[in-house]
Each structure stands twice: as structure tokens, then as C-alpha cells.
Visitor: 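Just dropping this structure here.
Keep in mind it's a predicted model, so treat the numbers as computed, not measured. Protein chains get the first letters and strands the later ones, always in sequence-line order, with residue 1 at the start of each.
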Amino acid sequence: MRDAVAILASSSVVLPPNPTPTPPPHNPHSQSSTKLKPLLPRSFTRRTQSADSNSPLLSTVRWDSPSQVRNRLKYYADLASNLSDDGRFTDFLMIAESVVVSGVKPSVFATLLNLKLVSVGIRRMLSEGKLVSLIQVFKGVKKLGFSVVELFDELAIEALRHECHRRLAKCDEALEIVSLMETLQELGFSIKGLVDASHIIRLCVNKRDPDAAIRYAQNFPQAGMLLCSIMIEFGKRRDLVSALTVFEVSKQNQGCPNMYAYRTIVDVCGLCGDCLKSRSIYEELLACKFAPNIYVFNSLMNVNASDLTYTLQIYKQMQKVGVTADLASYNILLKSCCLAGRVDLAKDIYNEVRKIESMGVLKLDVFTYSTMIKVLADARMWQMALKIKEDMLLAGVIPNIVTWTSLISACANAGLVEQAIQLFEEMLWAGCEPNSQCCNILLHACVESCQYDRAFRLFKGWKANGIQKGISVDIHCKTENILCANPNHERDSRKSSSTSILKHQSFPVSFPFSPTTSTYNILMKACGTDYFRAKALMDEMKMEGLSPNHISWSILIDIFGGKGNVEGALQILRSMYQAGVQPDVVTYTTAIKVCVEQKNLKFAFSLFAEMKRYQIKPNMVTYNTLLRARSQYGSLQEVQQCLAIYQDMRKAGYKHNDYYLKQLIGEWCEGILQNNNRNKGQFVSHSGTSPELQNLLLEKVAVHLQDINAESLTIDLQGLSKIEARIVVLAVLRMIKEQHSPGDSVKDDLMIIFEDVGSQTRHKGGVKEAIVKLLQYDLGLEVLSAGLRVKKDSESGGFENPFPSKDVLQGRDLPPKSPARRPAVLQRLKIKKASLNHWLQRKGGSFATTS
DNA sequence: ATAGGGTTAG
């Protein structure tokens with residue numbers, strides 16, 4: 001204040017002549033500003049008038065003494081304060097303008113203002129949502145050289161903060177809030193002080209607006225780091241596209257590559273489940289001749305851990321470029337082995353790391369041991385898992401909840417419920433607090449070994465009294481017997497008798513137990529076929545504030561299906577949609593299983609179609625579940641459905657591995673010759689061809705059977721062996737037979753194409769002969785034969801008369817050995833429609849009785 | 001700044 005007066009006195013300010021009026025009281029509730037009005041020049045009251053008045057407010061009068069100067073200035077400061085108290089910031093701005101134009105330094109004027117009054121005004125404006133006009137005023141104030149922030153007291157800042165959050169909450173365009181922040185920053189506010197960076201970023205991420213996020217981040221000196229955390233946020237939302245947009249901006253750090261950005265985007269690829277993208281980013285890094293650091297390598301290996309080959313390859317590259325593996329690298333390699341189920345390799349790595357440890361370079365940590373235990377747990381090698389635990393304790397590493405969980409699951413996976421419970425107890429005695437995940441494993445172990453009651457006893461005990469030491473079996477069972485003896489009064493008895501029993505055991509520690517959706521799902525499994533109990537558990541789950549997920553619903557469907565209730569199971573599927581829970585492959589597969597088990601193929605196939613409509617990809621289990629219903633397929637339509645599934649399966653990249661399907665097609669085809677035992681036997685004896693040929697064969701059959709509406713029938717037997725060709729031909733004939741009811745005649749000739757004799761392998765020789773024999777002798781069809789050039793002009797003709805089969809069998813009609821420049825020659829057979837119709841009209845079986 | 005554990009269908 002003293003400074004202000006001094007400065008004021010020394011300045012050549014022109015002051016108003018009149019003596020200073022009494023400053024208005026600083027009571028914000030007073031009506032002081034109205035009282036002051038008469039003292040104001042007219043221009044104060046109306047903005048339009050003041051705007052065209054170019055003369056500064058204070059210049060019309062002469063000021064003389066410093067004290068007068070001070071008083072005058074104080075008067076205007078009070079005036080300005082009171083005007084802003086009234087929310088009249090435009091007038092405030094005007095006074096400030098005039099004062100500054102008169103040569104008063106803004107900082108001097110500012111110190112004379114009554115900030116409490118200004119604050120009240122600011123807060124009123126903000127509470128009325130007039131942030132934008134307030135900003136307009138303060139832009140002007142800033143232009144005058146004021147420090148806007150200093151006009152805000154704590155309360156005003158708090159109000160501004162509150163208004164920013166309010167706008168953030170209802171903001172539709174992320175960029176809107178970002179530019180508001182920028183404006184406030186220009187006014188001198190600290191963005192971070194107003195709104196937490198994470199709130200703004202969350203909005204940008206929710207709105208999938210990487211550009212807004214980038215612009216926001218660039219307001220900070222440490223933009224690079226911020227951009228990386230934004231990438232991770234996008235990654236958590238599985239929005240790789242936006243994350244990549246941010247990456248493009250953040251990868252260059254003033255000319256040098258930002259390795260942190262690279263490793264971050266690799267991690268994000270992992271979060272988004274696109275490990276191939278992480279590989280291409282790594283390639284890009286190499287192509288730019290940048291040297292990846294250990295973090296990039298570790299992240300890359302981690303993201304690709306499910307592909308052990310690739311992970312090892314990266315590990316080798318890392319060694320080659322001289323980046324030393326650290327403990328994380330080894331732990332990730334172990335994880336990769338774990339995912340690949342490679343116990344052998346994991347053991348080698350474990351031993352190698354232990355060797356390195358003995359040299360004093362690094363020290364195995366709880367991750368190493370826990371991962372190794374998990375490897376062994378998955379391989380059901382529980383004894384070795386316990387051995388690792390010993391190693392760990394000897395090394396002085398304390399097992400944590402994850403270690404214990406893995407150990408318990410080692411026993412659980414081996415079906416050793418007692419051992420699992422013992423380890424659980426040991427964990428409690430070690431003072432390690434169990435979490436729900438760990439409890440779930442124990443419950444699941446009970447369910448897996450059909451100890452349903454035990455699972456429920458543990459659960460109820462935990463729920464009633466928390467998780468306590470020493471209650472593993474005996475005491476717990478006694479308590480639960482009381483509970484179970486009187487199910488109607490379960491709740492009351494728990495409250496009174498059982499709690500007191502347990503209390504008297506004086507166990508010091510009781511850990512809290514909070515069941516999760518998983519817990520309830522496991523217990524629902526423990527309901528066996530009691531769907532009322534399962535449904536009750538689902539209701540209980542909701543009462544606990546948990547939401548049933550797709551697994552809960554799938555289990556419910558399974559339980560209904562177990563009772564043979566197809567309609568009920570389908571109804572649950574509908575309810576699931578109504579509850580807003582998306583079914584997954586397993587849900588549909590379960591429902592399909594229910595239908596198949598109840599021999600309701602119509603529903604099974606319609607569910608299959610439905611899941612594909614919803615873009616839920618069937619997997620191997622789905623296909624096998626559908627194909628398992630093989631004995632049901634009798635009609636052509638059913639076989640076609642079955643083959644369609646088979647083809648679908650191959651298109652989806654699944655190797656067909658279905659013994660039933662092969663048998664089905666074989667039997668179905670041979671059914672046309674069902675009275676001919678010799679032929680049937682022949683098929684069976686030849687069914688052991690190589691898998692590739694069987695695939696090809698089934699494919700051929702499927703193609704022909706699907707092409708049922710084709711105008712002209714052509715059977716392409718190229719590339720098939722005798723037996724395969726036979727099945728294809730029989731399949732097509734059966735198809736024709738089933739498609740043509742009595743009186744319905746075949747409209748076209750049937751064409752059969754064989755491979756060029758010249759290119760026939762030894763294995764495939766004699767196909768044509770075998771087929772002719774089948775058609776003529778076994779089925780009594782008339783067969784025409786011709787060699788046919790592949791050229792278009794030869795399409796029309798060239799078929800010979802019926803020929804004696806003996807000649808055919810001896811290969812007399814074969815074309816001469818291929819000269820080099822001869823065009824490719826296809827061997828063709830033709831069966832005229834008349835012959836086919838004649839064959840169709842034959843009574844009973846459609847086969848000739850030759851034997 | 002890096003890494004680990006649980007529940008559903010055949």
C-alpha cells in the first residue's frame with residue numbers, strides 16, 4: 001500500500017478536483033453501489049455513452065496533492081469494486097481503462113480494489129453461468145496490463161473451478177472444454193489448478209477425440225509424457241485408432257525418437273489385442289535405424305507373449321544388438337512359456353536365471369517364482385510347484401497373494417481339494433490377506449471335484465463371519481450343519497447361535513470376504529441341475545449389488561438344458577438380451593448343446609444362424625457340438641446343413657477333425673448302394689486315406705451337394721483317387737435321387753470330368769474305369785465317353801456311342817501319350833437325362849442288382 | 001516407466 005501511494009505521488013497523474021467522498025462500506029450486502037450512482041458521470045451508467053467518450057475518466061479534472069490522488073484513486077477502486085459486486089463488470093472494465101489511461105499502473109489500482117467485492121461479483125456471474133461474458137471482460141482487463149488471476153481470491157477461484165467442472169460434465173465437444181482451458185490459461189490461470197488433467201483427458205478419450213487430447217496436452221511443457229498417458233487411456237478403451245493418432249504426434253521428441261512413446265504404443269497394442277500392430281511398429285522403429293531400448297523390447301515381448309516363437313525371436317534380436325536382458329525380460333519369457341504350456345523351456349529359463357542370480361547380477365523376485373509356479377500349476381505338477389515355493393522361501397522372497405493363489409490353483413488343478421485348503425490355511429497363518437480371486441479358486445476346486453456342499457459351506461461361513469484361520473474343515477462343518485439343518489431360519493440362526501459359537505473360538509483375525517460375480521458363477525455351477533437354487537443365487541447376486549454377466553447366464557442356460565428344458569433355455573437366452581447382457585460364443589454353444597441333446601436340430605441350427613447374425617464367431621466347440629448330432633442326419637437337407645457347417649468351419653480356419661462327419665458322408669453316399677455289401681466294405685477299407693485327401697474329398701462332396709440348383713450337373717473328379725471319386729459320384733446321384741420325387745424328371749445330362757491321363761499320378765490312375773464300372777454295372781446307367789479338348793470350340797460334340805465296359809476297363813479309349821505341344825485333354829463321361837430318369841423310375845432301390 | 005493369479009461350452 002505504501003508503495004502504491006509512492007508511485008502514485010511520483011506519477012504525473014491528472015486528478016479530479018473534488019474532495020474524496022467517503023468510501024462506500026465494504027459490506028457486499030449493502031446497496032452501496034446504488035447510493036453512489038449520483039456521483040458518477042453519466043457515462044458510467046450507460047455503456048453506449050461511455051464508449052464514444054474518448055476522454056479518460058480522470059483527465060477532465062486536476063488533482064493536486066498525493067493524498068488527494070490516493071483518495072481519488074481509492075474512490076474509483078471502491079466504485080469499481082462495488083460495480084463488480086453488482087455484476088457490472090463492463091463498468092468495472094471502463095473504470096479500470098480510464099484509470100490506466102490516466103497513467104496509473106494497473107498493479108497499483110489493483111491493490112486498492114476490494115477483492116472481496118470483486119469476488120462476490122465473479123461468483124455471481126459464474127453461478128448465473130455467465131462465464132463467457134466474464135472471460136470477455138477479463139480479456140479486456142488483461143489487455144490493460146492487469147494480472148487477472150490476482151483479481152480472484154480463493155473463493156472466486158473455487159467458483160471458477162466449479163463452473164469449469166460443471167461445463168466439463170455437460171460438455172459434448174471435447175474441443176470446447178480444451179479451448180476454454182486455453183483461454184483461461186491465456187488469462188494467466190493454471191489449467192491444472194482449475195481442472196485435473198485426468199478429467200479433461202477422460203472426456204477426450206470418452207468422446208474418442210484424439211485431436212482435442214493432443215491440443216490439450218500441448219499446453220504443457222511435459223507434453224510428451226502427457227501424450228503417452230493419453231495413449232494408454234485410449235488403449236484402456238480399446239481405441240487403438242485414436243491412440244495411434246496420438247502416437248504419431250508423440251513419437252518425435254524435438255528430432256529424436258521418443259522411446260517412451262514407442263514402448264507405450266506397443267503396450268497399447270497389447271491392451272487393444274492387436275499384437276500384430278505392435279510388431280509393425282517395432283519394424284518401423286528398426287527401419288528408421290533407431291535402437292530400441294530394454295523397455296521397448298520387454299513391452300514387445302510381453303504384448304506378444306502368447307506367441308512363444310516370436311517372443312524368443314525378439315529375445316535373440318535383443319541379445320544380438322547388445323541390449324542386456326533384465327529380470328523383467330526373463331519374467332516375460334516365463335510368462336510366454338506359461339501361455340504356451342512349455343514346462344520344459346520354462347524350467348530351463350528358471351534354472352538359467354537362478355544361475356545368473358548366483359553370479360550376483362540379479363535377484364529373482366516374486367514375479368519369477370509366481371510365474372514359474374503357475375507354469376507348473378497348469379501342467380498339474382503340483383509337487384514341483386511346492387518345490388518352487390521352497391526355493392522362494394530359502395531365497396528370502398515373501399510369497400504374496402498371487403503366489404499363494406497360484407500355489408492353491410496348482411493343487412486345485414490336480415484335483416487335490418484337501419491340499420488346496422491346507423495351503424489356503426497356511427496363507428492365512430502367514431498373515432496374507434486372501435482376495436476374492438483366491439477364494440474363488442478354492443470354491444472352484446470344490447466344485448470341480450463335485451464337493452458342492454463344501455463349496456456352499458465355505459461360502460456361507462465366509463459371508464457370515466469373514467475368512468478366519470483354522471476353520472478349514474471341522475469347526476466350519478459343525479457350524480454349517482446347524483445352518484443347514486434349519487434352512488427356513490438360516491438368517492436368524494446365523495445371527496444368533498452360529499456367530500456366537502465362532503466367537504467363542506476366539507480367533508483373532510478375520511479377513512473380510514467380498515464375493516464377486518465370479519464367486520456366484522462358481523456357486524451356480526455347484527447347483528447341479530437345481531435351477532431354482534441357481535436362479536435364487538442370481539437374485540442374491542443382484543441383492544449384493546453385483547451384476548450377472550454372460551457367464552452367469554450361460555450357466556443358467558446349461559442348468560435348464562440339463563433338465564431337458566429346451567424352451568426354458570431359449571427363454572433364458574432372450575431374458576439375457578433383455579437384461580442387456582451380450583451372449584458370447586459359449587452362451588450360444590451351450591444353448592446349441594441343449595438343443596442337440598434334446599434332438600431338436602431345428603432350434604440348434606436356427607441358434608447357429610442367429611449367432612452368426614449377431615457376428616458371434618463360432619469356434620471349434622460350436623462346430624463339434626453341431627456336428628455331434630450326426631445320427632440325426634438322414635435327409636439330404638440335413639446332410640447339406642451339416643456340410644455347410646463343415647465348409648464354414650474350414651473357411652473360419654479350423655482344421656476339420658471330425659470322425660463323425662467323415663463317417664456320415666461315407667455312409668450317406670454308400671446308402672445308395674445299401675444292399676451291396678461288397679461296395680460298402682470297400683469304402684470302409686479305404687477310408688483311411690491321408691487327411692489332405694479327405695479334406696479335398698469332403699470339400700468336393702460339399703460343393704456338389706450345395707450346388708443343388710445348378711442348371712447343368714457337372715462332377716469334377718480331377719485330383720481325386722478312385723475311392724474319392726466314387727464317393728463324390730455316389731453323393732451326387734443320391735442328391736439327384738432325393739431331389740426328384742416320383743414324376744419329377746431330370747432336365748439335364750450329367751457330366752463327369754476326369755483328369756488328363758497324361759498328368760495322372762500312379763495313385764490316381766484308373767479313376768475313369770472305376771467310375772464307369774460303378775455307373776454301368778452297379779447302377780445300370782448308360783455312359784457316353786469322349787476325350788475333349790479344353791478349347792471352347794469343342795464344347796458341342798464328340799461323344800461316342802455307348803461302349804462295352806470291358807474296353808473301358810482296359811483303357812482302350814485312352815488318348816495317345818501326350819506329345820509336348822498337344823493341348824490339355826480332359827476325359828469326360830456323360831450320362832444322358834433319359835438314362836438318369838430311367839434309373840430314377842426304377843422300383844425300390846435305385847441300384848442295379850448285378851451280384 | 002516394464003512383468004504375475006479366478007468363473008462358462010466339448
Visitor: Take atom CD of A:Glu433 and atom P of B:dG5, then tell me their distance rounded to the nearest Å.
Guide: 20 Å

Visitor: Using a strict cut-off of less than 4.0 Å between a Lys/Arg side-chain nitrogen and an Asp/Glu carboxylate oxygen, indicate whether A:Glu284 and A:Lys277 qualify as a salt bridge.
Guide: no

Visitor: Heavy atoms from C-beta onward define the side chain here; which of B:dA9, B:dG4, B:dT7 lies closest to that of A:Thr589?
Guide: B:dA9

Visitor: Begin from the C-alpha positions of A:Asp648 and A:Lys612 and carry the test side-chain contact (heavy atoms from CB on, under 4.5 Å) through to its verdict.
Guide: CA-CA 11 Å; A:Asp648 204 79; A:Lys612 295 185 89 180; 2.5 Å; yes

Visitor: Base, sugar-phosphate, or nothing: which does A:Asn298 touch, judged by heavy atoms less than 4.0 Å apart?
Guide: base

Visitor: Got a sec? Which of residues 384-393 of chain A come in under 4.0 Å of DNA chain B, heavy atoms?
Guide: none

Visitor: Using whole Å, report how far OH of A:Tyr531 lies from P of B:dT8.
Guide: 23 Å

Visitor: Identify whether any heavy atom of A:Ile408 sits under 4.0 Å from a base atom; if not, whether one sits that close to sugar-phosphate; answer base, sugar-phosphate or nothing.
Guide: nothing

Visitor: We want to know whether A:Ser278 and A:Asn304 form a side-chain donor-acceptor pair, criterion being a heavy-atom distance below 3.5 angstrom.
Guide: yes

Visitor: Please tell me which of the listed nucleotides, B:dG5, B:dG4, B:dA9, lies nearest to the side chain of A:Thr405?
Guide: B:dG5

Visitor: Taking only the side-chain heavy atoms of A:Met620 (C-beta and beyond), determine which of B:dG10, B:dT8, B:dG4 contains the nearest atom.
Guide: B:dG10

Visitor: In chain order, what residues pass the salt bridge (charged side-chain N to carboxylate O under 4.0 Å, His left out) check against A:Lys192, with sequence neighbours excluded?
Guide: none

Visitor: What's the closest nucleotide to the A:Ser406 side chain, out of B:dG5, B:dT7, B:dG4?
Guide: B:dG5

Visitor: Using distance alone, with no hydrogens and no angle criterion, decide if A:Thr622 and A:Thr589 have a side-chain donor and acceptor under 3.5 Å apart.
Guide: yes

Visitor: For DNA chain B, what residues of residues 311-339 of chain A have any heavy atom nearer than 4.0 Å?
Guide: A:Asp326, A:Ala328, A:Asn331, A:Ile332, A:Lys335

Visitor: A:Leu442 has an atom CG; how far is it from atom P of B:dG5, in whole Å?
Guide: 19 Å

Visitor: For residues A:Asp391 and A:Tyr350, is any side-chain donor paired with an opposing acceptor at under 3.5 Å?
Guide: yes

Visitor: Any idea which of B:dG5, B:dT2, B:dT7 is nearest the A:Arg263 side chain?
Guide: B:dT2

Visitor: Just the rounded figure in Å: distance from P of B:dA1 to CD of A:Gln222.
Guide: 12 Å

Visitor: Could you work out which one of B:dG5, B:dA1, B:dT7 sits closest to the side chain of A:Ser518?
Guide: B:dT7

Visitor: Rounded to whole Å, please give me the gap between CG in A:Asn619 and C1' in B:dT8.
Guide: 12 Å

Visitor: Return the value, rounded to whole Å, for the distance between atom NE2 of A:His444 and atom P of B:dT7.
Guide: 6 Å

Visitor: Consider ring-ring contact (aromatic ring centres under 6.0 Å, His included). Of A:Trp462, A:Trp404, A:Trp429, which one does A:Phe424 pass it with?
Guide: A:Trp462

Visitor: Do A:Ser336 side-chain atoms and A:Ala305 backbone N/O form a donor-acceptor pair below 3.5 Å?
Guide: yes

Visitor: B:dT7, OP1 or OP2 - any side-chain N/O from A:Lys525 closer than 4.0 Å?
Guide: no

Visitor: Tell me what A:Ser409 touches on the nucleic acid: a base, only sugar-phosphate, or nothing, going by heavy atoms under 4.0 Å.
Guide: nothing

Visitor: As a test of reading the structure: which of B:dG5, B:dG10, B:dT7 is closest to the side chain of A:Val402, going by heavy atoms?
Guide: B:dG5

Visitor: Of A:Lys535, A:Arg533, A:Lys460, A:Lys463, which is the lone residue that meets salt bridge (charged side-chain N to carboxylate O under 4.0 Å, His left out) with A:Glu540?
Guide: A:Lys463

Visitor: Once you round it to whole Å, what is the distance between P of B:dA9 and CG of A:Leu607?
Guide: 17 Å

Visitor: Reckon A:Thr590 touches a base, only the sugar-phosphate, or nothing at all at heavy-atom distances under 4.0 Å?
Guide: sugar-phosphate

Visitor: May I have the distance from A:His550 (atom NE2) to B:dT8 (atom C1'), rounded to whole angstrom?
Guide: 7 Å

Visitor: Need one value for A:Asn400: base, sugar-phosphate or nothing, where a base atom within 4.0 Å counts as base even if backbone is also close, heavy atoms only.
Guide: base

Visitor: Please determine, for the side chain of A:Val621, which listed nucleotide (B:dG10, B:dA3, B:dT8) has the closest atom?
Guide: B:dG10

Visitor: Looking only at the side chains, is there a donor atom on one of A:Ser299 and A:Asn302 sitting less than 3.5 Å from an acceptor on the other?
Guide: no

Visitor: Remember a base hit wins even if backbone is also touched, and classify A:Thr587 as base, sugar-phosphate or nothing at under 4.0 Å, heavy atoms.
Guide: nothing

Visitor: Quick one: do A:Glu233 and A:Arg238 make a salt bridge, cutoff under 4.0 Å?
Guide: no

Visitor: Choose from B:dA3, B:dT8, B:dG10 the nucleotide whose nearest atom is closest to any side-chain atom of A:Asn624.
Guide: B:dG10

